[in-house]
Structure formats: C-alpha cells, structure tokens
Amino acid sequence: MKILYFAWLREKLGVAEEEITPPAGVVTVRDLIAHMAARSPAHAEAFAAGKGVRCAVNLDFATPDDPVKPGDEVAFFPPVTGG
Amino acid sequence: MKILYFAWLREKLGVAEEEITPPAGVVTVRDLIAHMAARSPAHAEAFAAGKGVRCAVNLDFATPDDPVKPGDEVAFFPPVTGG
Amino acid sequence: MPRVLVQEAPFDVAAEMARLTESRHDIGALASFTGLCRADDGLAAMVLEHYPAMTERALTRIAEQAMERWPLTGCTIIHRVGRLTPGEPIVLVLAASAHRAAALEACAFLMDWLKTRAPFWKREEPREGAPRWVEARAEDDAAAARW
Amino acid sequence: MPRVLVQEAPFDVAAEMARLTESRHDIGALASFTGLCRADDGLAAMVLEHYPAMTERALTRIAEQAMERWPLTGCTIIHRVGRLTPGEPIVLVLAASAHRAAALEACAFLMDWLKTRAPFWKREEPREGAPRWVEARAEDDAAAARW
C-alpha cells in the first residue's frame, strides 16, 4: 500500500511517501490511521485525533469508514486551503 | 415643464419631448399623469392604468406621490429592461 | 469612486479588470458579470435606448449602493447602448474586494439593481416581422427585491 | 466538457472568456471569479502545493457538479500552483449560461466547493520569520455546505 503525505504532514514526518504492508485486520481508513499512528512518535503526533488529518483513497476523498486494501494509494493531508 | 417620453411611449405618442404648462392644481406625479392623459386620445391610451408607465422627475425615479413643479424635467417610460 | 460608463463601443474586460487590481496588494477577489445578446426566437439585433441625462447618474447610484453595502475596493459598470447583434456583449459589471463573498454578492446585486433601476429599454428586431419592445420580467423585480 | 487546468503559469482571463463564448449565440450571461494573492500581515509570497495525481480529477468533478446543478453552456476552472507573490492571480472560475442567476450562482458554488474539495494547500512565507501553513477556515466549510 502506497502512503502519501502533503503539507505539514509531509514536513512533520520528513517523508512524502511510504510503502507499507498493513496487517490483515486493517480494512478501513480508521483502521489504517490507528496502524499509521503506531509507526513512530512523529506518526503518533501527526495522526492524533485533534490534528484533523484528512484522507484520500485512490484519488477520492475518503471518510474513516471507507475501505482500504492492498495496492491502494492512500494520501493523508490537512484540510485543504486552495482557491 | 419639460416632458420626455422613452421606448414605446415615445413611439405611440410620436414625440420624444413636449413643453407643457400644467394648471396650478398639478402638484404630484399622480396629478400630472391625470393631466397628461387628458391631452389626446393617444395620451389617454398611453397613460391608462394598466400600461404600467413609470416616471422620473429631474433624473430620479419618482412615485405617484412625489411632487412636481414648474421647471421640472419629467420623463415617462415603460418599466426598464436593460442589463 | 466607482467607474461608470455608457457607450456604444464594446468594452475590454481584461483592461477593466486590470484597472481595478493593478499595483494593489489588498484585493483577494475580483468578480465579473458580462451580459450578452442572445439570438432567441430568430432575433436579428437588439437596440438599446436610454435616457442619456439620467443613465450615468442612475448607474453611479447603484454602484455607490454596492460600495456602501459591501467592503469593495472598487467597482465598475459599463453598459452599451445602440444596436447590438447576437453574441455581442451588452453590459459588464466588476466588483473587487478582499474576500470572495463580498465580490460575488456585490456583482449579483449590481446586475439585479441595474436590471430594475437603470433607464434602459431594449427593442428586439426579429429576422422577420416587426420590432418589439422587450417587456420587464417579474422575476427581475423579485431578484432586485432580495437585496 | 468543463475546462480544467492546473498550472504554474498565469492565465489569460480574456482568452478564457472568449473560449466559452465565441461563435455562440445562446449565451446571455458569463460570470467570472478571480482569486488573487493578498499581502496580508507582511506576506512575501505564497506557495501552493497540491496532489498532482488527484487535482484535475477533483476539479473536474466540481465542475461537473456545477454543470449538473445549473443549465450552463460551459465552465472553466484554472488553478495555479507553485510560488505566487502578492497581487498575482491564483485561481479563475468561469460559468456561462443563457441566464444570469445560473452563471452567478454556479460561479459562487465553484469557488465554495473548490475551497473545500480540491487538494491544494497554501504555505505563507512572511517577509520576516518562518513559513506557516494556512489553516482551513470554518466559514469556508459553512459556505460550501449551503449548496
């Protein structure tokens, strides 16, 4: 599974992209966030509940209940601020 | 008092402008309209109640209760359709 | 302060936009509306009559109202008169502000009031048959009444 | 059908307007919105980051939504990325329709949704001090929720 980071998440984690293989129990975005938060203290901080991290799965915005599966491209980022 | 006509009023009356001297009792737009309607059958038709004629006095839109006096420039026209 | 023009000639939207924004750094939003002549029902041309002595005064008041109601850094109204053919622009309004809601709302307001409070009258010339004066529309009155 | 561009270069508003209207006689209304970089609080520049693989897709969906909700004859979204300085245009949206309400409302909708549903992030570079990421604003969420 390919994980992308944007904006302050990318800066905080010091990496724009990670390739991960989550355990079989990770089937939703919510599961994946819990899994990601356990990777390092920096991840734990970035994915803490109050940070408001948003997600896209395969180029569509996703909610915590949306499914994820091996091979997906999953992006994490702050609320968007374009326009 | 200078009277101007626009759009179909000008066409119907066959004149763009008239100089008139209304009697002393004509003190509002409403009075003036009654006076104008009595000038000719064409005027009567143009100023009939259902025609929706609008008015401006000295370059500002006016309502039937607004005052008119000698020397004013008074314009009559249909509802505007610009834009 | 607002820029108001009544003219037969076409207008240059890009130049008008540049006039409002150039060498300023406090504008975050520029909204525009261009009204064009449609070829509805076999229309060949449209003739716009106005009340010359009154028109700029009426447009200036409408623009000043917009500048009182919204925090605009500038606003422009250009209205053409005379004979226009389908596809030609008739009217341009621009509103500039720090923020987008003010610019967009002011632009809608300017058009709604212009439609009901500026002394213009349109006569349509069909490809066949006699010219006819355009009638005012109740929905324009309703749109103007919301402000 | 909608025209969507993500680019570093500036855009040409007049050329984009002409693309939507030229050789057509069924358009009565063309609304535009240009978002510009303001020099608030000593801003020296703004850097717009985006999610390249996703951005055009997200903008196209927003434009398609506008075309489903209003009877538009065309619509355009151009969003710049990279480093922009105060006074520079950031984003352009255009909506064309037979009637003005559709064009103006679609233009406001496009901006509201773009602000909340397109993967862009702004980093501000002040003239003094460290860069900071712009935070999303609750009022943008509220504006987007009205549609």
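Numbered from 1 within each chain, the chains take letters A, B, ... in sequence-line order. Note: hydrogens, waters and symmetry copies are ignored here, and every other heavy atom, side chains too, is used.
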With a cut-off of 6.0 Å (strictly less than), are more than 12 heavy atoms of other residues, nucleotides or ligands near CD of D:E8? no
Segment of A:A56 engaging chain D (4.5 angstrom heavy-atom cut-off): side chain
Given heavy-atom pairs under 4.5 angstrom as the criterion, report whether the side chain, backbone, both or neither of A:D60 touches chain D. both
Going from CG on A:L4 to CE on D:M54, what distance comes out if it is rounded to the nearest 0.5 angstrom? 11.0 Å
Under 4.5 Å to a heavy atom of chain D? For A:R10 that would be side chain
Mind checking whether D:W121 and A:F6 have parallel, tilted or perpendicular rings, split at 30° and 60°? parallel
Between D:R117, D:R61, D:E135, D:R57, which residue shows the highest count of heavy-atom pairs closer than 4.5 Å to chain A? D:R57
If you take all heavy atoms of D:A136 and A:V80, which pair is closest and at what distance? CB-O, 3.9 Å
Closest approach of A:T81 and D:V134, non-hydrogen atoms and distance? CG2-O, 3.4 Å
Where does D:R137 contact chain A at under 4.5 Å (heavy atoms): side chain, backbone, both or neither? neither
Considering only heavy atoms, which portion of D:A53 lies under 4.5 Å from any heavy atom of chain A: side chain, backbone, both, or neither? both
